[in-house]
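The basis for the numbers below is simple: all heavy atoms, side chains too, and nothing from hydrogens, waters or symmetry mates.
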Amino acid sequence: MSWWHSAVVYQIYPRSFADSDGDGVGDLRGIIDHLDHLVALGVDVVWLSPVFRSPMDDFGYDISDYRDVDPLFGSLADLDELIAGLHARGIKLVLDIVVNHTSDEHPWFQSSRETGSAKRDWYFWEPPRPGFAPGTKGAEPTNAGSAFGGPGWEYDPASGEYYLHLFSRKQPDLNWENPDVRAAVYDMMRWWVARGVDGFRMDVINFISKVHPIADGPAAADGLCYDLDLVANGPRIHEFLAELNREVGISADDLFSVGEMVAVNVDQARAYTDPDARELGMVFTFEHVNLDQKGAMKWDLAPLRLVDLKAKLAEWQYGLADVGWNSLYFENHDQPRSVSRFGDDSPRFREASAKTLATTLHLLKGTPYVYQGEELGMTNAGFSRIEQYRDLETLNFHTLARSMRLPGFAIMRAIRTKSRDNARTPMQWDASPKTGFTTGAPWIEVNPNHATINAAAQLGDPDSVFAHYRRLIDLRHESEVVVHGRFELLLPDDRRLFCYTRTLGDEQLLVVANWSKRRVALPSALPDVSGAELLLGTHPSPGRTLAGWESRVYRLR
Ligand code: NOJ
């Protein structure tokens with residue numbers, strides 16, 4: 001049992017949280033100015049998206065110096081002050097480290113670019129495909145595609161070779177086969193631990209071991225290969241993670257660790273989070289957030305079926321019930337806003353559905369994550385013009401889809417639904433024109449609905465979405481059964497209700513959540529609630545039926 005088993009995490013995407021100096025971009029001092037918000041919410045941990053030095057091609061997920069803060073966000077002294085300020089309030093700080101790749105402007109890569117360099121082998125360099133002139137179409141060493149579109153290899157004319165980048169061309173993949181790379185990463189992580197951080201969120205960490213050497217895989221429609229079996233969960237992944245854990249002292253110091261893992265199923269997650277294996281505390285899976293897409297492409301929209309979501313979340317609850325640990329999330333900086341995606345963001349149901357999504361997620365077993373603004377029920381951006389978007393993944397998709405002559409309305413519909421910018425509009429602090437986020441010109445437009453959806457309006461209101469989150473967080477802190485209780489899904493085939501029990505010893509909770517706008521009677525197959533204590537609910541004076549998007553938590557015994 002570790003401290004993070006009963007913790008609730010709050011994710012800050014610093015670019016969009018609070019801007020203290022009027023340059024339109026959020027910064028560390030902005031966060032320091034808003035620590036009261038975190039205290040009012042009652043969270044235990046802050047996960048800070050990257051603030052390291054970066055050319056900002058992928059807004060910080062392209063790091064050029066792991067041991068310094070980018071001037072856009074402030075200074076190392078500001079970060080020290082933030083850590084101290086959080087610690088003084090009993091809140092821990094988790095850094096987001098990106099070590100599958102660096103920026104192409106990192107000195108390691110700059111040195112690696114020189115063919116005779118001792119660091120040449122720190123990245124993946126390969127000659128062109130035999131029979132192809134370097135730099136021409138099809139000359140890439142393999143057909144590996146980049147997650148952000150286009151080939152995963154970039155030609156470097158100076159050396160005549162290509163380097164691998166599974167994300168943007170400014171994010172070259174580090175070669176973890178090289179022990180010097182691993183030693184340098186561990187050293188850097190130890191440096192941060194010594195500086196006072198309480199753990200790490202590790203970006204696409206299951207990509208660090210790839211099938212080696214990289215070879216051609218099955219080609220998709222664009223001729224490129226996105227076969228994750230070739231790049232994720234590779235042959236040495238457990239060895240590397242166990243080594244990292246040991247070398248950085250993750251288990252020894254009981255540090256927080258969560259690994260973001262594309263393409264991980266529950267059996268693999270159990271292996272990664274088995275405490276005996278000493279690899280990771282928990283992982284972020286994508287399985288439940290990939291249910292509203294057809295196939296591998298997030299842009300290929302499919303309706304979400306509640307029965308599928310219940311089955312998937314239940315599979316993970318059962319699969320990690322005895323060994324391993326779940327992370328619980330609906331939102332982060334890469335996902336659309338959950339109230340627009342899974343709930344109902346119309347004025348009539350926005351608040352109720354935001355609360356009910358929260359009830360459903362926060363009563364599960366695992367460590368819940370709240371993404372900035374989720375606690376206010378912030379919605380998707382709703383941008384209709386491509387000029388309003390800033391994220392390179394979105395902009396690349398737009399260019400590619402246009403070049404493939406997909407219909408413009410379908411492209412924009414996919415972008416409006418799935419773009420990462422949906423979660424990146426400025427935090428809605430108040431109703432003023434720039435939402436209290438900045439005094440300057442915000443780097444991305446504010447959502448016009450901040451006039452009604454904002455922290456200032458919700459903080460003193462006991463019926464707000466914010467207040468509901470606070471109650472859920474308090475309940476977790478007070479209740480052993482919320483932390484450790486055994487999960488059982490009820491009514492798996494019901495298309496409107498998400499119901500489950502949590503049981504620990506003599507204690508049992510029942511969660512009933514109406515994931516529809518229709519009023520629904522509580523089915524007789526559910527446990528009888530007539531004598532039960534209502535611990536928490538979304539609506540006043542609960543009756544025999546659940547109103548649209550109403551949810552409740554009962555103590556049955
Ligand atoms: C996952 C991060 O969450 C995302 O924002 C980033 O673009 C990719 N990894 C690449 O670092």
Are the aromatic ring centres of [X] and [Y] under 6.0 angstrom apart?
{"X": "Trp192", "Y": "Phe52", "result": "yes"}
{"X": "Tyr123", "Y": "Tyr163", "result": "no"}
{"X": "His165", "Y": "Phe124", "result": "no"}
{"X": "Tyr272", "Y": "Trp325", "result": "no"}
{"X": "Phe109", "Y": "Trp125", "result": "yes"}
{"X": "Phe284", "Y": "Trp47", "result": "yes"}

Partner residues of Asp334 under the side-chain hydrogen bond (donor to acceptor under 3.5 Å, both in side chains) criterion, sequence neighbours left out: Arg420, Arg424
When Gln293, Glu393, Gln335 are each screened for side-chain hydrogen bond (donor to acceptor under 3.5 Å, both in side chains) with Lys298, the one that passes is Glu393
For Arg190, does the CZ atom have more than 12 heavy-atom neighbours from other residues, nucleotides or ligands under 6.0 Å away? yes
Counting only heavy atoms not in Arg169, do more than 12 sit closer than 6.0 Å to its CZ atom? no
Smallest separation among heavy atoms of [X] and [Y], with atom names:
{"X": "Ile237", "Y": "Asn206", "answer": "CD1-CA, 3.7 Å"}
{"X": "Ala144", "Y": "Leu164", "answer": "CB-CD1, 4.5 Å"}
{"X": "Met412", "Y": "Ile386", "answer": "CE-N, 3.8 Å"}
{"X": "Lys434", "Y": "Thr439", "answer": "NZ-O, 3.4 Å"}

Should the pair Asp421-Arg390 be classified as a salt bridge under the 4.0 Å nitrogen-to-oxygen rule? no
Between Asp96 and Arg201, is the closest basic N to carboxylate O distance under 4.0 Å? yes
Angle between ring planes, Phe167 versus Phe148, binned at 30° and 60°: parallel, tilted or perpendicular? perpendicular
Parallel, tilted or perpendicular: which describes the rings of Phe256 and Trp4, with under 30° parallel and over 60° perpendicular? perpendicular
Dump the intermediate steps for side-chain contact (heavy atoms from CB on, under 4.5 Å) on Met189 and Leu95, then the final yes or no. CA-CA 10 Å; Met189 292 173 75; Leu95 278 189; over 6 Å; no
Taking the six-membered ring of Trp176 (Phe, Tyr or Trp), confirm whether the NZ or CZ of Arg182 is under 6.0 Å from its centre and within 45° of its axis. no
Phe437: which residues meet the ring-ring contact (aromatic ring centres under 6.0 Å, His included) condition with it, sequence neighbours left out? none
